[in-house]
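What follows is a short report on a single structure.
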Amino acid sequence: MERKGNPASFILPALTFLSMLFAVYMVFVYAPVERTMGIVQKIFYFHVPSAWIAFLAFFCVFLFSIVYLMRREKKWDDLASSSAEVGVLFCSLVLITGPIWAKPVWGVWWTWDSRLTLTLVLWLLYVGYMMLRYYVADPEKKATLSAVVGIIGFIDVPLVYLSIRWWRTQHPSPVMAGGSDSGLDPDMARAFFTCLAAFTILFVYLLMKRVKLEKLREELDGLQERVEETHPK
Amino acid sequence: MGVLYKHLFWAYAIIWTAIFLYLLNIDLKQRAIMKEIAALKKKLLG
């Protein structure tokens with residue numbers, strides 16, 4: 001629920017909705033059908049941006065965790081934990097849509113290749129981060145421990161990104177910046193970058209919503225303390 | 001061909017449902033907390 005009268009409260013959701021609508025148009029109407037894989041290749045347009053958002057979210061966790069450890073201000077911990085939650089959501093979507101795409105193309109749902117395995121490890125790391133936050137009761141200890149996990153966990157992100165460059169894997173080689181034989185059809189590239197932009201806007205929107213929830217929780221805790229002081233049981 | 005459409009459908013359906021449910025979850029939690037905040041403020045004032 002947003003505060004009434006604040007233009008930012010409807011501009012960002014509207015922008016998110018419109019950009020997503022445009023992304024869907026670009027994927028299903030504008031972008032051509034790939035010759036070898038057929039229509040199922042269109043999963044690419046949401047699968048790769050989901051991975052991009054997961055990476056971006058985990059980078060934010062890394063960054064905000066460092067700032068938290070330096071300044072010890074709660075707002076950085078809120079930003080890091082919110083970002084981790086959004087990152088886990090999109091990493092889950094990568095791990096779900098990947099096998100759905102792989103089955104008709106590779107003939108298997110899953111294979112223990114380096115990129116897939118490292119992505120699963122990445123997901124497990126940040127699920128662990130969230131479990132840690134859930135089980136540690138002391139707020140300061142929770143924030144410090146999760147900041148450390150958030151920083152260390154980020155090591156896996158460049159490994160996931162570089163895995164298809166370092167090792168020969170079942171996962172396709174990079175289509176962007178992957179050497180002379182890589183590249184996308186210009187129409188496909190336009191659709192892809194539209195999706196990337198739309199997902200980035202969605203990420204900002206989700207992060208802001210999630211941070212707002214944290215702020216409301218703090219406000220509620222503060223009020224509960226005041227009520228206990230003024231109305232002792 | 002039908003199999004390819006089925007896979008495409010499920011991939012997009014799962015993405016949209018997950019994002020929608022996540023947003024709905026945040027929204028419902030926000031509403032519940034705002035209700036509690038309003039009740040506590042009332043208690044403090046009255």
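First the proteins, then the strands, lettered A, B, ... as listed; each starts at 1. Everything quoted here is computed from the prediction, not taken from an experiment. Atoms considered below: every heavy atom in the structure, side chains included; atoms not considered: hydrogens, waters and symmetry mates.
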Next item on the list: Rounded to the nearest 0.5 Å, what's the gap from CD1 on I37(B) to CZ on R217(A)? Could you check?
Entry: 11.0 Å

Note to self: Rounded at 0.5 Å granularity, tell me how far CD in E214(A) sits from CD1 in I33(B).
What the structure shows: 8.5 Å

Item checked: Atom of V40(A), atom of H7(B) and distance for their closest heavy-atom approach -> CG2-CB, 3.9 Å

Checklist line | Under 4.5 Å from a heavy atom of chain B, the part of Q41(A) involved | finding: neither

Check: From S50(A) OG over to I19(B) CD1, what is the distance, rounded to the nearest 0.5 angstrom?
Finding: 6.5 Å

Notebook entry, point to check: Does a sphere of radius 6.0 Å around CH2 in W52(A) hold more than 12 heavy atoms from other residues, nucleotides or ligands, not counting ones at 6.0 Å or beyond?
Noted result: no

Checklist line | L213(A) versus chain B, the contacting section by heavy-atom distance below 4.5 Å | finding: both

Checklist line | Heavy atoms of other groups near W16(B) CH2, more than 12 under 6.0 Å | finding: yes

Margin query: Can you confirm whether W123(A) is buried at CH2, in the sense that more than 12 heavy atoms of other residues, nucleotides or ligands lie under 6.0 Å from that atom?
Written below: no

Next item on the list: Could you tell me the separation between the CZ atom of F9(B) and the CD1 atom of I100(A), rounded to the nearest 0.5 Å?
Entry: 10.5 Å

Next item on the list: Among the options V24(A), L220(A), L223(A), pick out the one with the most heavy-atom pairs lying under 4.5 Å from chain B.
Entry: L220(A)

Margin query: Please report the interatomic distance NZ(K212(A)) to NZ(K29(B)), rounded to the nearest 0.5 Å.
Written below: 15.5 Å

Note to self: Less than 4.5 Å apart, side chain to side chain, heavy atoms only: is that true for D27(B) and K209(A)?
What the structure shows: yes

Next item on the list: Return yes when atom CZ of F17(A) has more than 12 non-hydrogen atoms of other residues, nucleotides or ligands closer than 6.0 Å, and no otherwise.
Entry: no

Margin query: If you define the side chain from C-beta out and look only at heavy atoms, does anything of I15(B) sit under 4.5 Å from F90(A)?
Written below: no

Next item on the list: Provide the closest heavy-atom pair for A11(B) versus T97(A) in the form atom of the first, atom of the second, distance.
Entry: O-CG2, 3.9 Å

Next item on the list: Classify the angle between the aromatic ring planes of F46(A) and Y12(B) as parallel (below 30°), tilted (30 to 60°) or perpendicular (above 60°).
Entry: tilted

Next item on the list: Pick one of side chain, backbone, both or neither for I43(A), based on which atoms fall under 4.5 Å of a heavy atom in chain B.
Entry: both

Note to self: Please report the interatomic distance CZ(R210(A)) to CG(N25(B)), rounded to the nearest 0.5 Å.
What the structure shows: 9.0 Å

